[in-house]
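Structure first, then comments.
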Amino acid sequence: MLRLLRLTTAGESHGPALVCTLEGMPAGLPLRADDINADLHRRQQGYGRGRRMQIERDEIEFLSGVRAGETLGSPIAMLIRNRDWKNWVEIMDPAPRDDDADGPRKRSVTRPRPGHADLTGILKYDRDDARDILERASARETTARVAGAAIARTLLKAFGVTIGSHLVHLGGVDAGAVALPDDINAVADLSAVRTLDPEAEVRIIARIDAARADGNTLGGICEVVARGLPVGLGSHVSWDRKLDGRIGQAMLSIPAVKGVEIGIGFDAARLTGAEVHDEIVMASGRAIAGNVRRTTNRAGGLDGGMTNGEPVMVRVAMKPIATLMKPLRTIDTTTSSSAEAVVERSDVTAVPAMGVIAEAMLALVLADAMVEKFGGDSLPEMRRNYDAYLAQVAQRLG
């Protein structure tokens, strides 16, 4: 399927900068750099992060596509400079060199980390130094995704759609079930681990401290919620147009993410139909859902690959980070002998930040679905199409 809203990124973790290009955004969307920088700042937060987050202060520079505070309808290009580049110039220098005369580059990686792209990338791309792989495989790349997705989020906000996330599990500690606040992020962002359960936060921080002392890492689960979406985004007619499939692909593209659930997810396979499916009742005035509502939302806001007017609920599972301070056993690719894996600067856990990245990926998928459904070269044209559609939907069931 050809995406109408297309995001591409470029750059290495310790290169000069990251670049993000977003195509397909309609003209006339109000946009400021501060709107994007706010999400970049949120991505850098969270207890358990490493020193890199203290070095970088991510901010974007517009290169194209924005003038006088509004999008132009042309591709939007942004630059995010890596402050740490000054310490890596010799290591990451793109110029050719005589290795026979100069010896191997500093910080070359020949002891691949289990669970990372290191070894598979060396074999696939026929490289001698895994740094040629890990610099791009690094989660640092998601900075550029969050920047592009912040624009997608701005488009969604123009239609009353909000996206928030919170941590529900980390390192064996479950957060208690709580009623979701109207503004999830306003509450979650006050927590050091972005959980809505203060009691669980204390136990999670203690678990992170214990893992750090042990040279270990931790994974976890975040829940992402999108509210205000109209019925009918996505389609049932082809496999690649189904919105739940598009969401799944986007979430699984996040580094270290290994699982995605929509609604009650795997629990639905353990229950009967009567316990799973959401009953439908009339709800006059709910135009975005066709004047109906579901009495529950176990489907997570999606039926048949389409939004049904209820909040879209997605849970995303992240494995522990592959860099351990007490490294696992591996091989040295230069000698084929047994060795300890390389230790790169890393985090104990990045699950709280992963929630922000998952918000970004959901925003990209949903904004693309909105552009697909309502079209328009400008925001006013898209608004007219949206309003006409809701008026038609609202008449169907009275």
Would you give me the side-chain donor-acceptor pairs under 3.5 Å for residues 216-223, sequence neighbours excluded?
| from | atom 1 | to | atom 2 | distance (Å) |
| --- | --- | --- | --- | --- |
| T217 | OG1 | I321 | O | 2.8 |
| E223 | OE1 | H166 | NE2 | 2.7 |
| E223 | OE2 | R315 | NE | 3.2 |

Can you list every ring pair (Phe, Tyr, Trp, His ring centres under 6.0 Å) pair that touches [range], not counting sequence neighbours?
range            : answer
residues 313-368 : none
residues 268-318 : none
residues 338-388 : F159-Y386, F374-Y386, F374-Y389

Throw together a table of side-chain donor-acceptor distances under 3.5 angstrom for residues 67-79, partners on residues two or more places apart or in other chains.
| from | atom 1 | to | atom 2 | distance (Å) |
| --- | --- | --- | --- | --- |
| T71 | OG1 | P26 | O | 2.7 |
| T71 | OG1 | G28 | N | 3.3 |
| T71 | OG1 | L29 | N | 3.0 |

Quiz item: Under the side chain to side chain donor-acceptor pair (under 3.5 Å) test, which residues partner R111, sequence neighbours left out?
Solution: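 With sequence neighbours excluded, R111 shows a side chain to side chain donor-acceptor pair (under 3.5 Å) to no residue whatsoever.
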Self-check item: side chain to side chain donor-acceptor pair (under 3.5 Å) against E279, all qualifying residues, sequence neighbours excluded
Solution: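 Per chain and number, E279 pairs via side chain to side chain donor-acceptor pair (under 3.5 Å) with no residue.
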Quiz item: Can you list the residues that meet the side-chain contact (heavy atoms from CB on, under 4.5 Å) rule with K258, with sequence neighbours excluded?
Solution: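 By the side-chain contact (heavy atoms from CB on, under 4.5 Å) rule, K258 matches K319.
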Practice problem: Using side-chain contact (heavy atoms from CB on, under 4.5 Å) as the criterion, list what pairs up with T335, not counting sequence neighbours. | Solution: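 In terms of side-chain contact (heavy atoms from CB on, under 4.5 Å), with neighbours along the sequence ignored, T335 is linked to D332, S337.
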Quiz item: Apart from L134 itself, what residues make up its hydrophobic cluster, given side-chain heavy atom links below 4.5 Å?
Solution: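 V109, V342, listed by chain and number.
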Exercise. Supply the members, apart from L328, of the Ile/Leu/Val/Met/Phe/Trp/Tyr cluster built from side-chain contacts under 4.5 Å; use none for a lone residue.
Key: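 ILVMFWY cluster around L328 also holds L324.
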Quiz prompt | Ion pair check, D387 and R384, cut-off under 4.0 Å | solution =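 Not counted as a salt bridge, because no side-chain N and carboxylate O are separated by less than 4.0 Å.
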Self-check item: Note: E275-R298 ion pair, threshold 4.0 Å (strictly below)
Solution: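 Salt bridge absent between E275 and R298.
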With a 3.5 Å cut-off and sequence neighbours excluded, list the donor-acceptor pairs that the side chains of residues 376-383 form with protein atoms.
| from | atom 1 | to | atom 2 | distance (Å) |
| --- | --- | --- | --- | --- |
| S378 | OG | E381 | N | 3.2 |
| E381 | OE1 | D377 | N | 3.0 |
| R383 | NH2 | A158 | O | 2.2 |

